[in-house]
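To start, the structure itself, in structure tokens.
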Amino acid sequence: MSHPLGEYELVIGLETHVQLKTATKLFCGCATRFGAEPNSQVCPICTGMPGMLPVLNRHAYELGVRAALALHCEIAPFTKFDRKNYFYPDLPKSYQISQFDVPISKNGWLEAAGEGHTVRVRIHRAHLEEDAGKLLHPESPVGRADYSLVDFNRSGVPLLEIVTEPDLTTPADAHAYLTELKQVLQYTGISDCDMEKGSLRCDANVSVRLRGATVLGTKTEIKNLNSFKFIVKALEHESERQIRVLEGGGRVVQETRLWDPVVGETRVMRSKEEAHDYRSFPDPDLQPFVITAEEVERIRRTLPEMPAARRRRFVESSGLTERDAEILTADRAIADYFEACAALHAAPKLLANWVIGELRKEMNERHLEAESLAEKLPPARLVELARLVEDGKITRLVGKDVLAEVLTSGAAAGRIVADKGLAQIADAGALEPLVDKVIAANGKTVADYRAGKKPALAALIGQVMRETKGKANAPLVTKLLQDRLGA
Amino acid sequence: MQVDSALVHHVADLARLGLTPEDQERYIAEMGRILGYVEKLNELNVDGVEPLVHPFDARNVFRSDEVRPCPDREEALANAPDRSEMFFRVPKVIE
């Protein structure tokens, strides 16, 4: 078997930061609303004023535990917070409150659907920490200004850092893991994982080694990976770069590299020689936290069915294809909607076609959020429409228009069909004059068909359908045309 | 622990302190005395003793996830050495 990396193999570990879905920050009551005016959601605590006292947000802690349980982690019965010390202008206290030696959870795993195989990744740990502020580097008319600006709205926003073991071996597997992680976190209501808003960020640790080697190669850390696409590209680029270094007789230097999406390369950000000495120690402002096994179980019971289990169930008990199940479960609200519809209808596959096909298209065009779908189109409405098509009351083509009309007007499909006269025409007597008209008007196509060009028939069927605005029963039209033209 | 000029220099560097040669000499002596004093603790047998992470016994001091009004931005910016409109302003930092 040939490998894209030749005799080398790639070893990847990912550190993902997700913003927890809370109303307030980790240690103070400031709002976490995205897009607020600069420095409008700040207080003495999150700007590190002397004498401030942080108090942990209970909801953030529970979301952290919930995420850890969804990732099959062990929950620490005793946990604490530490100060990670470094100087940077986005860090007002000159330390970040994080968790050093006793994180809220460790030793979990996640299974993701890779390309033709299951990707199993061990989770090393998941811990809570606060975000830093945001730095801006304004441009002046003569290039970069000689100052930077700081907005502390993000400072103190609750993050969960999820660290994997170095179990990933291809960029595609890394992508599969992140896709699954994102789905799980969205399903469980832990984070909205919106990369554009910075609520999911990823750093990658990458090394290469000769295939079969037992010792890990020297790793580099890549930062600034703000889309899944960039992560794949950066991993590809970085592994190739390291192999080139080794092949050229050099050594990989342990360093932090930054992905530059414009150039499509990673470049050095800082080397280990300048690495930080964080001098972590327990934060005396925060007393430790304990959780009982009963409380852990209480939180575990609130977990919904995970996307992987749901996919499996859709395939096994609803008879959907893997692909259909994947699309339907990608968004929990869509999956919930589909299930609400399927509960009213015996043929899930037919409903899946509606949801995956026409409905998703309409949602895109109308910028309709999955969360508000059930309100806009109650499941019973979609099921009614599907039945009209299945029972032959309307054609599938007309059904698409009716769906759009149901969404626009909110009226029932049956009402729209009656009011607009959209019922299917399956009466030969009504269709024959139209068939004759189309044959008379399309001499050349008719001749082609008679000369043996069978596809010409489709064009004639299309003409009849147009004449009836899609209402004609297609099999009947086909039969009438074939009879007239002598099949 | 041996306190020498390299260690003092490293610690000063981490704390962003500029030391004069005289400061440095003084800190070598002072830090050496302080650490020597603390090292006395190593004489104790602490087998089986859990490390103390906090001197008080309180556990699970939480607040609820309720938004509290933030002080006025002007108040937050009032303490800044430098500002620019709605932002804190700092010397240029480029990664």
Side-chain angles (χ1 to χ4, degrees), chain A residues 22-24 27-33 37-44 46-47 49 55-61 78 80 85-90 92 94 102 133 135-138 144-152 223-224 258 269-270 276-277 279 282-284 286-291, chain B residues 1 3 6-19 31 34-35 38 41 46 48-95:
Chain A
T22 57
T24 66
F27 297 112
C28 64
C30 291
T32 54
R33 196 168 56 84
E37 274 201 347
N39 293 307
S40 62
Q41 295 174 169
V42 300
C43 75
C46 56
T47 51
M49 291 295 152
V55 183
L56 183 63
N57 181 338
R58 180 190 295 273
H59 189 47
Y61 175 74
F78 175 97
K80 68 178 172 78
N85 300 280
Y86 64 95
F87 288 97
Y88 211 70
D90 62 6
S94 293
V102 203
L135 279 168
L136 291 99
H137 311 289
R144 278 272 162 78
D146 64 352
Y147 59 88
S148 297
L149 300 173
V150 198
D151 173 6
F152 286 121
K223 289 195 177 282
N224 197 30
L258 199 67
M269 193 170 143
R270 54 171 181 254
H276 292 297
D277 177 349
R279 295 150 293 145
D283 191 329
L286 289 154
Q287 277 136 350
F289 296 85
V290 292
I291 189 165
Chain B
M1 181 189 267
V3 178
L7 180 65
V8 168
H9 185 80
H10 178 63
V11 172
D13 203 41
L14 287 172
R16 300 292 188 272
L17 294 174
L19 299 185
M31 281 172 66
I34 293 166
L35 290 180
V38 174
L41 293 173
V46 290
V49 178
E50 282 288 308
L52 180 75
V53 299
H54 202 281
F56 299 153
D57 286 335
R59 298 286 183 266
N60 295 8
V61 181
F62 287 112
R63 37 168 272 276
S64 62
D65 186 28
E66 281 161 26
V67 176
R68 283 172 45 177
C70 293
D72 191 71
R73 177 168 45 221
E74 283 309 308
E75 230 179 294
L77 285 163
N79 294 300
D82 197 4
R83 62 178 287 182
S84 180
E85 292 172 27
M86 293 184 277
F87 294 95
F88 293 83
R89 180 169 154 157
V90 298
K92 180 167 72 172
V93 273
I94 295 288
E95 290 195 339

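So you know, we letter chains A, B, ... as the sequences are listed, proteins then strands, and number each from 1.
For a residue to count as touching a neighbouring chain, one of its non-hydrogen atoms must lie under 4.5 Å from one of that chain's; by this rule B:N79 touches chain A with the side chain only. For A:C46, no part sits under 4.5 Å from any heavy atom of chain B, backbone or side chain. For B:P71, the parts lying under 4.5 angstrom from a heavy atom of chain A are both the backbone and the side chain. For A:F27, the part lying near chain B is the backbone, with the side chain staying farther off; criterion is any non-hydrogen pair under 4.5 Å.
Contact count versus chain B (heavy atoms, under 4.5 Å) is highest, among A:V42, A:L56, A:T22, A:L136, for A:L56. Among the candidates B:P55, B:S84, B:A76, B:A15, the residue making the largest number of heavy-atom pairs closer than 4.5 Å to chain A is B:A15. Interface summary for chain B: among A:A60, A:S94, A:P288, the most heavy-atom pairs under 4.5 angstrom belong to A:P288.
Annotation for B:H9: atom NE2 does not count as buried by contact number, only 12 or fewer foreign heavy atoms lying within 6.0 Å. The local environment of CZ in B:R68 is sparse, with at most 12 non-hydrogen atoms from other residues, nucleotides or ligands closer than 6.0 Å.
Here the side chains of B:M86 and A:E37 are in contact, with some heavy-atom distance below 4.5 Å. Counting only heavy atoms from C-beta outward, the side chains of A:R33 and B:V67 never approach each other to under 4.5 Å. Between B:V93 and A:H137 there is a side-chain heavy-atom pair separated by less than 4.5 Å.
Although no hydrogens or angles enter the test, the distance criterion places a donor-acceptor pair under 3.5 Å between the side chain of B:R83 and the main chain of B:E85.
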